[in-house]
Visitor: 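Can you keep this structure in mind? I'll have questions shortly.
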Amino acid sequence: MTGRTLFDKIWDSHVVAMLEDGAALLHIDRHLLHDLSGSRGLRDLAAKGYALRNPELTFATVDHAVSSAPGRDAVTNPAGAPLIETLRRETAARGIRFFDLGEDGNGIVHVIGPELGLSLPGMTIVCGDSHTCTQGALGAIAFGIGASELLHVLATQTLVQRKPKRMRIRFEGKPAAGITPKDMILALIGRLGTAAGGGYAVEYAGSAIRALDMEGRMTICNLSIELGAKIGMIAPDETTFHYLAGRPFAPRGAGWEPALAAWRRLPGDDDAAFDAEAAIDVAAIAPQVSWGTSPQDVVAIDGRIPDPAAEPDAARRAAMAAALDYMGLRPGAPLAGTPIDRVFIGSCTNSRIGDLRAAAAIARRGRVAPRVTAWVVPGSERVKREAEAEGLDRVFRAAGFEWREPGCSMCLAANGERVAPGQRCVSTSNRNFVGRQGPGARTHLASPATAAASALAGRIADPRRIAG
Amino acid sequence: MEPFTTLTGIAAPLLRPNIDTDIIIRIERLIGGDPKSLGPYAFESWRYRPDGSEDPDFVLNREPFRRARILIAGENFGCGSSREGAVWALQGFGILCIIAPSFGDIFFNNCFQNGVLPIRLERPTIERLVASLAGDPARPVSVDLRQSLILAPLNERLSFAVDPGRRAALLQGLDEIGRTLRHDQAIAAFQARDRAERPWVYAAETRSEA
């Protein structure tokens, strides 16, 4: 009998029942709610007359529609205020642990899950948000769900799921100086395309993944959905266990050892088979920046904007031309040096303390260019407090960045914080879709280092040149 | 959920690859809005010009596609965000079936939850279908889920595959939660066993720092 993958082991141990049609009824260990999907879900639950099955496995935060303005409160963004109020009321009435604005534990749902130890290896974790795959970095099956499935989990603590195929992607080798996990995963998506992971649960492996800290692994897993895979995961190891020890909701005392023993059994067997495999040499990767309106539209920072005329496939050629038109870019021109208006450092992709340290290391070397508005939005209340304790907020402010309150903010502009039409923004977020950061906004995805370097230069800039 | 058995209507081609759910419905339309009134906002970034007028170049603004019930799309349709509002917006427009070479995984699943049928067909088959419609786009296409057949103009019959459980649920308009609640005892038994094996999963609330 062939061995089982990490994914297989977690999947198998969560099957409550096999249904007649071959689908599995899967137990869900953690259901994370936020102001957009959670408020609607709890309202729908009441409207349809279902009971909440497991409030103790359900946790809630506000992140999507909250203002990130310094000194903000629940009504600073009026459109989001009713959502926050609904979530407050419904979680209190139903015994769901809620992390309110300004409280320890509040923040972007995919930042707080790991940082609080709510999300643990071997778990099934869902949330009404596609970047739930971030939390697969802990060695968990974590994925985003829509409103109907969200209601299903509230009512039954299970989901009806068809088993996906398994893909392993190895990152091998040692990255060059100045290359970040964001560059690694963008380079992969650029090579394989944004549909490559469709229908798969992806496991990231290889020496370069093992060498990453937990935050870097979360950045890798975060962009799984941009590779087309709703599930991305990394086998837990000593890095994982060290990260989790002492987290407020992680097991502790006498409870730690049995959990650790179970987590050590999770990595896939040596003879486990995957349905697909891919590998990428990280030594060859340069800082990546997107030029188009899909995360696969990336080039190295010292590269040139591709020419649609060279694309043989007619549909792709048309998509490239439309993307360049939207982005206001010319084929063949160098991407570095393109003038910018905005910089956004934040989002569930790149808003953790390590991301802010990397950006601050560059911010120390200069000042934000006069025409540029640059924001730093920490991923959580904890990240914010830790950064302030280290003095990073002062570094950013002194360099001319705005230091703001935690939340999703300008990643998706659900809180009204937008890039103006036609403005160009270097963003550490995950999607450069048409209108993502506001109608007509032009987004260039990049790492925190590249975003900070671009803020100082006033144009898309190579962080290796500024960092020296 | 409304059952889906057969659908006959105009099929609109929108073949650009990687159409994401942000383009299908903007996030601000999902804040406080009514899920049943999203039709006017489907594809709004493409349908309307900055001054709010319709862009006549966009396919769904042209006759006969303004009345489309079926969308023929490119690869990876519905990628990106998990927002189920993307399905609600398409439904609101009148589109109840999408034919594409591949779909975003979460969107694909969300379709079935709402009685919308996503059909995967090979790209050459889709190109043939589009070509067969080009001469007379007003000619309706029929989708028969009972037989898993698309009846295209020129009498072409294209068969497609659907997961049998999902097919049955669509045909009968079944409510998934209601069916799962029949397994309530199995869920309780699983949790009782699991609570002993993995107490840390269930004990989290008692260990908070507060």
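Chain letters run A, B, ... following the sequence lines, proteins first and then strands; every chain starts at 1.
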Visitor: I want to check something: taking the side chain as every heavy atom from C-beta on, are Thr58(A) and Val153(A) in contact at a cut-off of under 4.5 Å?
Guide: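 They are not in side-chain contact.
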Visitor: Please classify the contact of Ala169(B) with chain A as side chain, backbone, both or neither, using a heavy-atom distance under 4.5 Å.
Guide: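 It is neither, since no heavy atom gets under 4.5 Å.
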Visitor: For chain B, which of Asn430(A), Ile225(A), Thr194(A) has the most heavy-atom pairs under 4.5 Å?
Guide: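 Highest number of heavy-atom pairs under 4.5 Å: Thr194(A).
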Visitor: If the contact rule is any heavy atom under 4.5 Å from chain A, which residues of residues 103-111 of chain B qualify, in numerical order?
Guide: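 Asp105(B), Ile106(B), Asn109(B), Asn110(B) fall under the 4.5 Å cut-off.
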Visitor: Please look at Glu28(B) and chain A and tell me whether the side chain, the backbone, both or neither of the residue comes under 4.5 angstrom of a heavy atom of that chain.
Guide: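 Contact with chain A: side chain only.
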Visitor: Between Arg26(B), Arg193(B), Gln113(B), which residue shows the highest count of heavy-atom pairs closer than 4.5 Å to chain A?
Guide: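 Max contact count across the listed options: Arg26(B).
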Visitor: Got a second to check how far Glu54(B)'s CD is from Arg47(B)'s CZ, nearest 0.5 Å?
Guide: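 The distance works out to 6.5 Å.
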Visitor: Can you check side-chain hydrogen bond (donor to acceptor under 3.5 Å, both in side chains) on Asn18(B) and Glu75(B), steps first, answer last?
Guide: CA-CA 6 Å; Asn18(B) 301 316; Glu75(B) 73 167 357; 4.9 Å; no
Visitor: So does Ala65(A) get a backbone contact from the side chain of Asn415(A), meaning a donor-acceptor N/O pair under 3.5 Å?
Guide: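 Checking the backbone N and O of Ala65(A) against the side chain of Asn415(A), no donor-acceptor pair under 3.5 Å is found.
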Visitor: In terms of side-chain geometry, is the basic nitrogen of Arg162(A) or Asp21(A) positioned less than 4.0 Å from the acidic oxygen of its partner?
Guide: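 Yes, Arg162(A) and Asp21(A) are salt-bridged.
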Visitor: Checking Ala318(A) against chain B: side chain, backbone, both or neither under 4.5 Å from a heavy atom?
Guide: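 Interface part for Ala318(A): neither.
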Visitor: Heavy-atom distances under 4.5 Å only: say whether Arg436(A) touches chain B with side chain, backbone, both or neither.
Guide: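 When you check distances to chain B, atoms from both the backbone and side chain of Arg436(A) fall under 4.5 Å.
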Visitor: State, without any angle test, whether Arg53(A) and Gln191(B) hold a side-chain donor-acceptor pair at a distance under 3.5 Å.
Guide: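 The criterion, which ignores hydrogens and geometry beyond distance, is satisfied for Gln191(B) and Arg53(A).
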Visitor: What distance do Ile24(B) atom CD1 and Phe93(B) atom CZ have between them, rounded to the nearest 0.5 Å?
Guide: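 That separation rounds to 12.5 Å.
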Visitor: Please flag which part of Pro439(A) lies under 4.5 Å from any non-hydrogen atom of chain B: side chain, backbone, both or neither.
Guide: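 Both backbone and side chain of Pro439(A) come within 4.5 Å of chain B.
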Visitor: Please classify the contact of Ala23(A) with chain B as side chain, backbone, both or neither, using a heavy-atom distance under 4.5 Å.
Guide: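 It is neither, since no heavy atom gets under 4.5 Å.
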Visitor: Can you check whether Asn76(B)'s main-chain N or O pairs, donor with acceptor, with Ser102(B)'s side chain at less than 3.5 Å?
Guide: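 Looks like yes, one N/O pair under 3.5 Å.
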Visitor: Report, in residue-number order, which members of residues 123-136 of chain B are under 4.5 Å from chain A by heavy-atom distance.
Guide: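 The list, in residue order, reads Arg123(B).
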Visitor: Between Thr443(A) (side chain) and Asn432(A) (backbone), is there a donor-acceptor pair under 3.5 Å?
Guide: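 No; zero donor-acceptor contacts below 3.5 Å.
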Visitor: Decide yes or no for Leu32(A) and Val126(A): does some side-chain heavy atom of the first lie under 4.5 Å from some side-chain heavy atom of the second?
Guide: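 Of all side-chain heavy-atom pairs linking Val126(A) with Leu32(A), none is under 4.5 Å.
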Visitor: Can you classify the ring geometry of Phe249(A) versus Phe59(A) as parallel (below 30°), tilted (30 to 60°) or perpendicular (above 60°)?
Guide: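 Phe249(A) and Phe59(A): perpendicular rings.
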Visitor: Side chain, backbone, both or neither: which part of Leu19(A) has an atom under 4.5 Å from a heavy atom of chain B?
Guide: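 For Leu19(A), side-chain heavy atoms alone lie under 4.5 Å from chain B.
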Visitor: When you measure from the side chain of Arg69(B) to the backbone N and O of Leu7(B), does any donor-acceptor pair fall under 3.5 Å?
Guide: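 Looks like no, no N/O pair under 3.5 Å.
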Visitor: So what's closer than 4.5 Å to chain B heavy atoms on Thr156(A): side chain, backbone, both or neither?
Guide: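 Answer is both: backbone and side chain atoms of Thr156(A) are under 4.5 Å from chain B.
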Visitor: Could you check whether Arg83(B) makes a cation-pi contact with Trp88(B), meaning its NZ or CZ is under 6.0 Å from the centre of the six-membered ring and within 45° of the ring axis?
Guide: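 Arg83(B) over Trp88(B) ring: no.
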Visitor: Below 4.5 Å from any heavy atom of chain A, which atoms of Glu176(B) appear? Answer side chain, backbone, both or neither.
Guide: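 Both parts, heavy atoms under 4.5 Å.
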Visitor: Name the region of Asp184(B), side chain, backbone, both or neither, that has any atom closer than 4.5 Å to a heavy atom of chain A.
Guide: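 Its backbone and side chain both get close to chain A.
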Visitor: Please classify the contact between Glu197(B) and chain A as side chain, backbone, both or neither, with a heavy-atom cut-off of under 4.5 Å.
Guide: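 Contact with chain A: none, neither part.
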Visitor: One thing to verify: whether Glu149(A) and Lys230(A) come together as a salt bridge, which I'm taking to mean a side-chain N less than 4.0 angstrom from a carboxylate O.
Guide: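 No.
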Visitor: Would you please test Asp34(B) and Lys36(B) for salt bridge (Lys or Arg N to Asp or Glu O under 4.0 Å) and show each step?
Guide: CA-CA 5 Å; Asp34(B) 174 7; Lys36(B) 296 198 188 312; over 6 Å; no
Visitor: Would you mind checking which part of Ile145(A) comes under 4.5 Å of any heavy atom in chain B, side chain (CB onward), backbone (N, CA, C, O), both or neither?
Guide: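 Ile145(A) touches chain B through backbone heavy atoms alone.
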Visitor: Heavy-atom cut-off 4.5 Å, strictly under: side chain, backbone, both or neither for Phe143(A) against chain B?
Guide: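 Contact with chain B is absent: no heavy atom of Phe143(A) under 4.5 Å.
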Visitor: Answer with side chain, backbone, both or neither: which region of Asp313(A) has an atom nearer than 4.5 Å to a non-hydrogen atom of chain B?
Guide: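 The answer is the side chain of Asp313(A).
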Visitor: Could you check which of Gly74(B), Pro35(B), Gly80(B) has the highest count of heavy-atom pairs closer than 4.5 Å to chain A?
Guide: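 Looking at each option in turn, the highest pair count goes to Gly80(B).
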Visitor: State whether the side chain of Arg30(A) and the backbone N or O of Val201(B) hold a donor-acceptor pair below 3.5 Å, judged by distance alone.
Guide: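 The answer is yes, because a donor-acceptor pair under 3.5 Å joins these two groups.
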Visitor: Would a distance-only check, ignoring hydrogens and angles, find a side-chain to backbone donor-acceptor pair under 3.5 Å from Asp20(B) to Ile23(B)?
Guide: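 Checking the backbone N and O of Ile23(B) against the side chain of Asp20(B), a donor-acceptor pair under 3.5 Å is found.
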Visitor: What is the minimum heavy-atom distance between Tyr50(A) and Gly178(B), and which atoms define it?
Guide: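 It is OH-N, 4.3 Å.
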Visitor: Ser13(A) versus chain B, heavy atoms under 4.5 Å apart: side chain, backbone, both or neither?
Guide: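 The backbone, not the side chain.
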Visitor: Of the backbone (N, CA, C, O) and the side chain (C-beta and beyond), which part of Asn54(A) lies under 4.5 Å from a heavy atom of chain B, both, or neither?
Guide: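 Contact with chain B: side chain only.
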Visitor: Check the orientation of Trp256(A) and Trp263(A). Use parallel for under 30°, tilted for 30 to 60°, and perpendicular for over 60°.
Guide: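 Ring orientation of Trp256(A) relative to Trp263(A): perpendicular.
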Visitor: Sort out for me which of Pro17(B), Pro164(B), Pro50(B) touches chain A most, counting heavy-atom pairs under 4.5 Å.
Guide: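 Option with the greatest count: Pro17(B).
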Visitor: Tell me which of these, Ala414(A), Ala259(A), Gly80(A), Gly198(A), has more heavy-atom pairs under 4.5 Å with chain B than the rest.
Guide: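 Among Ala414(A), Ala259(A), Gly80(A), Gly198(A), the one with the most close pairs to chain B is Ala259(A).
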Visitor: What part of Leu15(B) gets within 4.5 angstrom of chain A, counting heavy atoms only: side chain, backbone, both, or neither?
Guide: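 Backbone only.
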Visitor: Would you find a donor on one side and an acceptor on the other, under 3.5 Å apart, between the side chain of Thr21(B) and the backbone of Gly78(B)?
Guide: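 Judged by distance alone, no pair lies under 3.5 Å.
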Visitor: Checking Glu103(A) against chain B: side chain, backbone, both or neither under 4.5 Å from a heavy atom?
Guide: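 Contact with chain B involves no heavy atom of Glu103(A) at all.
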Visitor: Report which part of Arg418(A) has an atom under 4.5 Å of a heavy atom belonging to chain B: side chain, backbone, both, or neither.
Guide: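 Side chain only.
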Visitor: Can you tell me which portion of Arg179(B) sits under 4.5 Å from chain A's heavy atoms? Options are side chain, backbone, both or neither.
Guide: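 Neither part, no heavy atoms under 4.5 Å.
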Visitor: Given side-chain hydrogen bond (donor to acceptor under 3.5 Å, both in side chains), test Asp29(A) with His14(A) step by step and report yes or no.
Guide: CA-CA 9 Å; Asp29(A) 298 336; His14(A) 285 80; 2.6 Å; yes
Visitor: Distance-only, no hydrogens or angles: does the Asp129(A) side chain make a donor-acceptor pair with backbone N or O of Gly144(A) under 3.5 Å?
Guide: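 Here the side-chain-to-backbone pair does not exist.
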